[in-house]
*Asks:* 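Here it is, the structure in full.
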Amino acid sequence: MEISNTESIPGRRIVEFYGVVTGNTVRAKHIGRDIMAGLKNIVGGELVGYTELLQDSRNEATERMIQQAQSMGANAVVNVRFATSSISQGAAELFAYGTAVKVE
Amino acid sequence: MALRSKLSDMDDGTFQNLNLLLNFGLPLLLLMTAYFIGSMIERTHFRSIRKRESEYHGYPVVSFDTMPDDWKVSDSTMVAGNIVVSLDYFKRVIAGLRSLVGGRLKTYEPLLERARREALLRMTESARRQGYDAIFNVRLETSRLANSRGDGHGTAGVEMLAFGTAVKFASRFSRP
């Protein structure tokens with residue numbers, strides 16, 4: 001499965017379009033991580049726990065998007081975009097979407 | 001209230017001193033600690049960013065949405081880099097005060113700048129580690145994770161995400 005955030009896969013030609021595919025995940029922060037992040041918040045800087053949490057969640061959202069594309073018979077997803085929205089205090093939705101296509 | 005009743009047998013002066021210390025001393029100490037450690041972290045981070053950026057000098061990371069015509073590529077994938085950062089307590093309080101009168105919030109600017117540069121660096125590092133030669137169509141996204149309250153409390157995380165399409169050149173000197 002090829003993934004790209006451009007309108008085509010570089011060096012390949014799109015032969016078929018399958019439409020928009022999406023993947024999402026809603027994650028709440030872990031209590032242990034949150035305590036650490038709260039402490040880290042006093043001195044500022046990177047909140048490593050949150051960085052990893054978001055990275056994992058985004059990978060999962062992408063993975064779900066890819067699964068949907070595969071079930072349609074596509075072999076690539078182009079024009080991938082990410083969105084993050086905070087749903088409630090302490091929970092966020094990570095969302096990935098793109099266009100499933102078949103490339104040569 | 002519980003504290004007060006426990007301390008009721010103390011004389012008034014001691015209680016007031018203790019009260020003063022709890023009300024002003026502790027936040028002040030916290031502010032000072034936050035200020036010193038926070039600025040130290042920021043300086044160290046900027047130094048590390050500059051050092052790593054100089055290592056990637058000459059590695060093409062561009063925001064064009066189509067590839068230059070002379071790039072012949074053999075392989076591509078999507079790469080991303082992210083970071084969550086927060087402002088230190090001292091700067092949050094300063095920013096809170098400053099936002100009363102409006103204008104430029106100087107304390108936030110370096111935070112967002114270093115986060116963005118770090119996200120770009122992480123993306124570049126991941127592309128390079130996987131053996132890709134260039135990144136194009138780079139996009140940057142900023143999202144706020146939680147609110148910071150006006151008084152400087154509360155987790156105020158900001159996430160920076162950089163992502164783009166990494167490509168391998170078919171031959172390194174394919175450019176005319």
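Treat the numbers as computed from the prediction; the structure is a model and nothing was measured. Each chain gets a letter, A, B and so on, in the order its sequence line appears, and its residues count up from 1.
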*Asks:* Does any heavy atom of chain A fall under 4.5 Å from the side chain of B:I41, the backbone, both, or neither of them?
*Replies:*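 The side chain, not the backbone.
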*Asks:* Given heavy-atom pairs under 4.5 angstrom as the criterion, report whether the side chain, backbone, both or neither of B:E42 touches chain A.
*Replies:*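 When you check distances to chain A, no heavy atom of B:E42 falls under 4.5 Å.
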*Asks:* With a 4.5 angstrom heavy-atom cut-off, could you sort out which part of B:S76 is near chain A: side chain, backbone, both or neither?
*Replies:*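 Looking at B:S76, backbone and side chain both touch chain A.
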*Asks:* If Ile, Leu, Val, Met, Phe, Trp and Tyr residues are connected whenever their side-chain heavy atoms lie under 4.5 Å apart, and connections chain through other members, are A:V80 and A:I66 in the same group?
*Replies:*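 Yes, it is one cluster - the side chains of A:V80 and A:I66 are joined through contacts under 4.5 Å.
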*Asks:* Would you say B:V158 ends up clustered with B:L87 if hydrophobic residues are merged whenever their side chains have heavy atoms under 4.5 Å apart, either directly or through other cluster members?
*Replies:*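 Yes; B:V158 is reachable from B:L87 via cluster members.
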*Asks:* Is B:Y89 reachable from B:M40 through a run of I, L, V, M, F, W or Y residues, each pair having side-chain heavy atoms under 4.5 Å apart?
*Replies:*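 No, B:M40 and B:Y89 fall in different hydrophobic clusters.
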*Asks:* Highest number of heavy-atom pairs under 4.5 Å with chain B: which of A:G11, A:S4, A:A83, A:S8?
*Replies:*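 The answer is A:S4.
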*Asks:* Report the C-alpha separation of A:T51 and B:N82 in whole Å, then their side-chain angles, then the decisive distance to 0.1 Å, and conclude whether the side chain to side chain contact (heavy atoms under 4.5 Å, CB included) test is met.
*Replies:* CA-CA 7 Å; A:T51 306; B:N82 75 328; 3.6 Å; yes
*Asks:* So how far is it from B:F163 CZ to A:T62 OG1, rounded to the nearest 0.5 Å?
*Replies:*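 So the gap between those two atoms works out to 10.0 Å.
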*Asks:* Grouping I, L, V, M, F, W and Y whenever their side-chain heavy atoms are under 4.5 Å apart, do B:L111 and B:M160 come out in a common cluster?
*Replies:*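 Yes, one cluster joins them.
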*Asks:* Take a 6.0 Å sphere around CZ of B:F64 and say whether it holds more than 12 heavy atoms from other residues, nucleotides or ligands.
*Replies:*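 For B:F64, atom CZ is not crowded (no more than 12 foreign heavy atoms under 6.0 Å).
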*Asks:* Could you measure the distance from the CE atom of B:M78 to the CZ atom of A:F82? Nearest 0.5 Å is fine.
*Replies:*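 B:M78 atom CE to A:F82 atom CZ measures 3.5 Å (nearest 0.5 Å).
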*Asks:* Top residue by heavy-atom pair count (under 4.5 Å) with chain A, among B:T44, B:T33, B:V73, B:I83?
*Replies:*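 Option with the greatest count: B:I83.
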*Asks:* Membership question, hydrophobic clusters at under 4.5 Å side-chain separation (ILVMFWY): are A:V20 and A:M65 in the same one?
*Replies:*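 In one cluster: no.
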*Asks:* Output the option from B:A80, B:G81, B:A166, B:S143 having the highest count of non-hydrogen pairs under 4.5 Å with chain A.
*Replies:*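 Among the listed options, the one with the most contacts to chain A is B:S143.
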*Asks:* Using a 6.0 Å cut-off, check whether atom OH of A:Y18 has over 12 heavy atoms from anything other than its own residue.
*Replies:*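 Result for OH/A:Y18: enclosed.
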*Asks:* Quick one: closest heavy-atom pair of A:N5 and B:N137, and the distance?
*Replies:*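 What the structure gives for the nearest pair is O-ND2, 2.6 Å.
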*Asks:* Side chain from CB out, backbone as N, CA, C, O: work out which of these in B:L31 comes under 4.5 Å of a heavy atom of chain A, or both, or neither.
*Replies:*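 Neither part, no heavy atoms under 4.5 Å.
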*Asks:* How far does CZ of A:R12 sit from CG of B:D75, to the nearest 0.5 angstrom?
*Replies:*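 Going from CZ on A:R12 over to CG on B:D75, the span is 8.5 Å.
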*Asks:* Mind checking which of residues 114-129 of chain B sit less than 4.5 Å from chain A, heavy atom to heavy atom?
*Replies:*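 Answer by number: B:R114, B:R122.
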*Asks:* With the side chain counted from C-beta on, respond yes when B:L161 and A:R58 share a heavy-atom pair under 4.5 Å apart, and no when they do not.
*Replies:*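 When only atoms from C-beta onward are counted, A:R58 and B:L161 do touch, with a gap below 4.5 Å.
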*Asks:* For a quick test of reading the model, state the closest non-hydrogen atom pair linking B:M67 to A:P10 and the distance between them.
*Replies:*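 Heavy atoms of B:M67 and A:P10 come nearest at CE-CB, 3.6 Å.
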*Asks:* Measuring heavy-atom distances to chain B, does A:Q55 have an atom under 4.5 Å in its side chain, in its backbone, in both, or in neither?
*Replies:*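 For A:Q55, heavy atoms of backbone and side chain both lie under 4.5 Å from chain B.
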*Asks:* Could you check whether atom CD of B:E55 has more than 12 heavy atoms from other residues, nucleotides or ligands sitting under 6.0 Å from it?
*Replies:*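 Atom CD in B:E55 is crowded, with more than 12 foreign heavy atoms closer than 6.0 Å.
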*Asks:* Once you round to the nearest 0.5 Å, how far does CZ of A:R81 lie from CD of B:E141?
*Replies:*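 Between A:R81 CZ and B:E141 CD, I get 8.5 Å after rounding to 0.5 Å.
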*Asks:* Which region of B:D65, side chain (C-beta onward) or backbone (N, CA, C, O), has a non-hydrogen atom less than 4.5 Å from a non-hydrogen atom of chain A, or is it both or neither?
*Replies:*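 For B:D65, the contact with chain A is made by the backbone alone.
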